[in-house]
Amino acid sequence: MNDPSMLKLGVNIDHVATLRQARYRGRERGEPDPIEAALICESVGAQGITAHLREDRRHIQDRDVRQLRQVLKTRLNLELANVPEIVAIALEIKPDIVCVVPERRAEVTTEGGLDAARQWPSLAETRQRMNDAGIEVSLFIAPDPEQVEAAARVGSQFVELHTGAFAENFHRKRERAAELERLIAAANQAHSLRLRVNAGHGLNYQNLAVLRQVPHLVELNIGHSIISRAVVVGLATAVREMLLLMGAPGETNT
Ligand code: PXP
């Protein structure tokens, strides 16, 4: 059983779909299959799966979200822009939670998160519709006091703190310390406003230990580093399987 206070992992599988689309765009199926990937993540303990249905459908497709909804036993976190078409799909498919993210340049603050402070009326409306449909809401925001305050006004259940600047500056001592401080302050502020705190973007096997100094974290959404590592650690098996099919006698020690 999972300890409810344990930090949870949501694996972002968009990158698997990106690879599939590079070869199989416009086709009904192709490899690698993000659904298969999601089930593997779940089978080894990931507490959730994250997918972003973008307006341009550059990676995850509508059918992927529908299938994920059917097969996942954990939590489906659907990332979306606050636009009518995608909001309607989410209300129909009913993920467990939606994370509202910026998609168009105009919606992006300098820090790269959602400008909840400027858009709170329309975000509040979407938040209400989602909650009425039994879907929790998270807002992907920069660790900025104004944005945290706006997220509370929107009434979202979660914020997802954007860790991109922290990750970008990880190897610059002073900047990293400053970004970590911003994340800690934002997490404390969010917690005091009764918002639950997730974090994501750019988290990897190197920066995770430091990031964990941020208090009140419930879930981390991680994609690129996990899928990248899977390619590296899985390549030997993939090559061995192909060699076997080609009639090679298997591994030798020579
Ligand atoms: N959280 C959000 C809101 C995202 O949009 C993404 C994907 O950019 C991630 C987390 C995962 O980021 P990464 O692929 O860098 O781990």
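Both counts, for ligands and for their atoms, begin at 1 and track the order of listing.
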Salt bridge or not between [X] and [Y]? Use side-chain N to carboxylate O under 4.0 Å.
{"X": "Glu85", "Y": "Arg57", "answer": "yes"}
{"X": "Arg182", "Y": "Glu179", "answer": "yes"}
{"X": "Arg127", "Y": "Asp132", "answer": "no"}

Does the plane of the ring in His162 sit parallel, tilted or perpendicular to the ring in His201? Use 30° and 60° as the thresholds.
tilted

Residues Thr74 and Glu42: side-chain donor-acceptor under 3.5 angstrom
yes

Side-chain donor-acceptor pair present, Gln119, Asn82, cut-off under 3.5 Å
no

Using a strict 4.0 Å cut-off to heavy atoms of [X], name the atoms of ligand 1 that fall inside it.
{"X": "Val101", "value": "3 (C)"}
{"X": "His224", "value": "13 (P), 14 (O), 16 (O)"}
{"X": "Asn221", "value": "10 (C), 11 (C)"}
{"X": "Ile222", "value": "16 (O)"}

Who's the nearest protein heavy-atom neighbour of [atom], and how far?
{"atom": "atom 1 (N) of ligand 1", "result": "Glu160 OE2, 2.4 Å"}
{"atom": "atom 5 (O) of ligand 1", "result": "Glu79 OE1, 3.0 Å"}
{"atom": "atom 16 (O) of ligand 1", "result": "Gly223 N, 2.8 Å"}
{"atom": "atom 12 (O) of ligand 1", "result": "His201 CA, 3.4 Å"}
{"atom": "atom 15 (O) of ligand 1", "result": "Gly202 N, 2.8 Å"}

Applying a strict 4.0 Å limit to heavy atoms, is His15 in contact with ligand 1?
yes

Using the test salt bridge (charged side-chain N to carboxylate O under 4.0 Å, His left out), find all partners of Glu136 that sit at least two apart in sequence or belong to another chain.
Arg75, Arg196

Those residues at least two apart in sequence (or on a different chain) that pass side-chain hydrogen bond (donor to acceptor under 3.5 Å, both in side chains) with Arg63 are none

Region of Asn12 that comes within reach of ligand 1 [heavy atoms, distance under 4.0 Å]
side chain

